[in-house]
Amino acid sequence: MDQALLARLTGGLGDRKTVEKLCSDFGHLFTELLLDVLQSETGLQVDVHYNGHEAGLMSELIAELGDNVVLADGSLRNWSPNFVIGCGNAFVVTLMENLLGALPETIEEPIQRPLSRIELDLSVMVIGKIANVLRSGIEVPGSFEPQLERPHNAEDRPKPEEDHVDEYGAVVKMGIELGPVASEFYVVIPQKALLKTVVTVPKSRSQAGQSRKEWAEQMAEQVRRSQVKLQARIQLQPLTLDTISRLAVGDVIAFQDRGDVMVDVSANGKNLYRCEFGRAGEHYTVRVKDNVSSEDEILRHLMG
């Protein structure tokens, strides 16, 4: 049987007007609620608006979001076992700059690139807010919360299994602007769940948000848990090209420093500390002796 016909007969594919109306209802929900949540919790002037919808097979809808997005798979018990939330990388990068205290006049449209590890950590909070607003507008039995996988860059999204059966869905497209930077976020919903949904905007908007202080504390805690890959570089004794070309297994190259051996520790290509090379038991170690950059410079570099 034709896939579209089977989906329509089993409640997995709706008519154009019904899908359009439900996506518009979700657009209204995000416009009304997420705007207040982000502004009250960050203190930043954010604009949220509905940008329409697209319908089609779930895998194709997700692929059409492009590479410059961060994605998270989610589920909500008694509603949908699989939906996807996406957010434009430009919004996450710009939000990070604002929360780190960048002056408005210095913020420009960021280059298109995957998010760094710490930016991905921030996207956990952003996508979590979107998911909470989504949940607040859906009437489902039980007081279940959305379950979200860790966000990932679009280029790192695993390919579907060979036996994966695709289903029809719809993507709610929302514009989001922060200062001079315009981006989008998306919610990709299987039509099987969408067609059974009645979207309602909660009367008390404040229930979906939290205080600005709590947001700042949550972000600080998220950053503190972020892992950063450090690299240690030791200067070796200079050698001639002739000597280097004849090095063999077992040859030894001496350190350049004759006393305490100094090590440059860096992350993401930027020197952070000058350290002293040593050993503790069976492990080689480095001891921090001096900061190459200030604390603010280090944070800005690692988060960027």
Side-chain angles (χ1 to χ4, degrees), residues 42-44 68 70 89-127 150-153 155-156 181 212-241 243-244 247 249-304:
T42 67
L44 302 173
N68 198 37
V70 58
N89 292 351
F91 176 75
V92 179
V93 172
T94 305
L95 180 61
M96 177 71 80
E97 291 183 3
N98 276 274
L99 294 177
L100 290 174
L103 296 175
E105 58 270 20
T106 65
I107 295 177
E108 299 177 349
E109 184 79 27
I111 61 172
Q112 295 191 4
R113 61 170 176 80
L115 295 184
S116 68
R117 181 185 294 272
I118 297 183
E119 288 165 346
L120 283 172
D121 288 339
L122 178 60
S123 74
V124 171
M125 298 170 60
V126 174
I127 289 177
R150 178 171 173 78
H152 54 272
N153 286 303
E155 63 181 26
D156 297 324
V181 178
R212 189 181 309 176
K213 181 181 179 182
E214 288 174 321
W215 169 277
E217 290 175 350
Q218 186 178 353
M219 179 193 170
E221 178 62 25
Q222 190 74 49
V223 170
R224 282 194 293 269
R225 293 200 306 265
S226 299
Q227 295 185 358
V228 178
K229 185 177 181 180
L230 298 176
Q231 295 178 318
R233 186 176 67 255
I234 299 176
Q235 295 290 334
L236 301 178
Q237 186 181 73
L239 299 175
T240 65
L241 286 176
T243 302
I244 293 173
L247 288 175
V249 176
D251 288 345
V252 175
I253 305 175
F255 294 137
Q256 186 176 49
D257 298 323
R258 294 185 177 277
D260 294 335
V261 177
M262 301 306 295
V263 180
D264 292 320
V265 173
S266 63
N268 297 346
K270 182 179 179 64
N271 285 341
L272 306 179
Y273 303 104
R274 287 281 288 167
C275 300
E276 184 180 274
F277 179 74
R279 187 168 182 170
E282 298 180 353
H283 302 283
Y284 292 103
T285 63
V286 293
R287 184 193 305 273
V288 176
K289 301 292 287 185
D290 187 27
N291 289 25
V292 176
S293 304
S294 68
E295 182 178 351
D296 286 343
E297 289 174 334
I298 291 173
L299 286 175
R300 287 181 182 278
H301 172 73
L302 294 179
M303 293 180 183

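Only heavy atoms go into these numbers, but all of them, side chains included; no hydrogens, no water, no symmetry mates.
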Of all residues at least two apart in sequence or in a different chain, which pass the side chain to side chain donor-acceptor pair (under 3.5 Å) check with N153? none

In Å and rounded to the nearest 0.5 Å, what is the CG to CG distance from L272 to L230? 7.0 Å

I'd like to check the side chain to side chain contact (heavy atoms under 4.5 Å, CB included) partners of E108; sequence neighbours left out, ordered by chain and number. none

T285: partners by side chain to side chain donor-acceptor pair (under 3.5 Å), with sequence neighbours left out: none

Partners passing side chain to side chain contact (heavy atoms under 4.5 Å, CB included) against E109 (at least two apart in sequence or in another chain): A90, V181

Per side chain to side chain contact (heavy atoms under 4.5 Å, CB included), D251 is matched among I253, L247, V249 by L247

Atom pair CG/CE of D257 and M262 - distance to nearest 0.5 Å: 7.5 Å

Angle class for the F277/F255 ring planes (parallel below 30°, perpendicular above 60°, tilted otherwise)? perpendicular

How far does OG of S123 sit from NE2 of H152, to the nearest 0.5 angstrom? 10.0 Å

Sequence-distant partners of R287, side chain to side chain donor-acceptor pair (under 3.5 Å), two or more places apart: none

Between CD on residue E119 and CE on residue M96, distance to nearest 0.5 Å: 5.5 Å

Just wondering, are more than 12 heavy atoms of other shown residues or ligands nearer than 6.0 Å to CD1 in I244? yes

Taking only residues two or more places apart in sequence, or in another chain, which ones meet D264 in a salt bridge (charged side-chain N to carboxylate O under 4.0 Å, His left out)? R233, R274

For the student: nearest non-hydrogen atoms of P151 and L120, plus distance: O-CD2, 4.2 Å

Any donor and acceptor pair, going by atom type alone, linking the side chain of N89 with main-chain N or O of R113 inside 3.5 Å? yes

Determine, step by step, whether V126 and V70 satisfy the side-chain contact (heavy atoms from CB on, under 4.5 Å) criterion, reporting the C-alpha distance in whole Å, the side-chain angles of both residues, the deciding distance to 0.1 Å, and the verdict. CA-CA 11 Å; V126 174; V70 58; over 6 Å; no

Other residues, nucleotides, ligands: >12 heavy atoms within 6.0 Å of R279 CZ: yes

Using 0.5 Å steps for rounding, measure from the CG atom of L44 to the CG atom of N98. 5.0 Å

Rounded distance (nearest 0.5 Å) linking atom CG of L122 with atom CG of L115: 9.0 Å

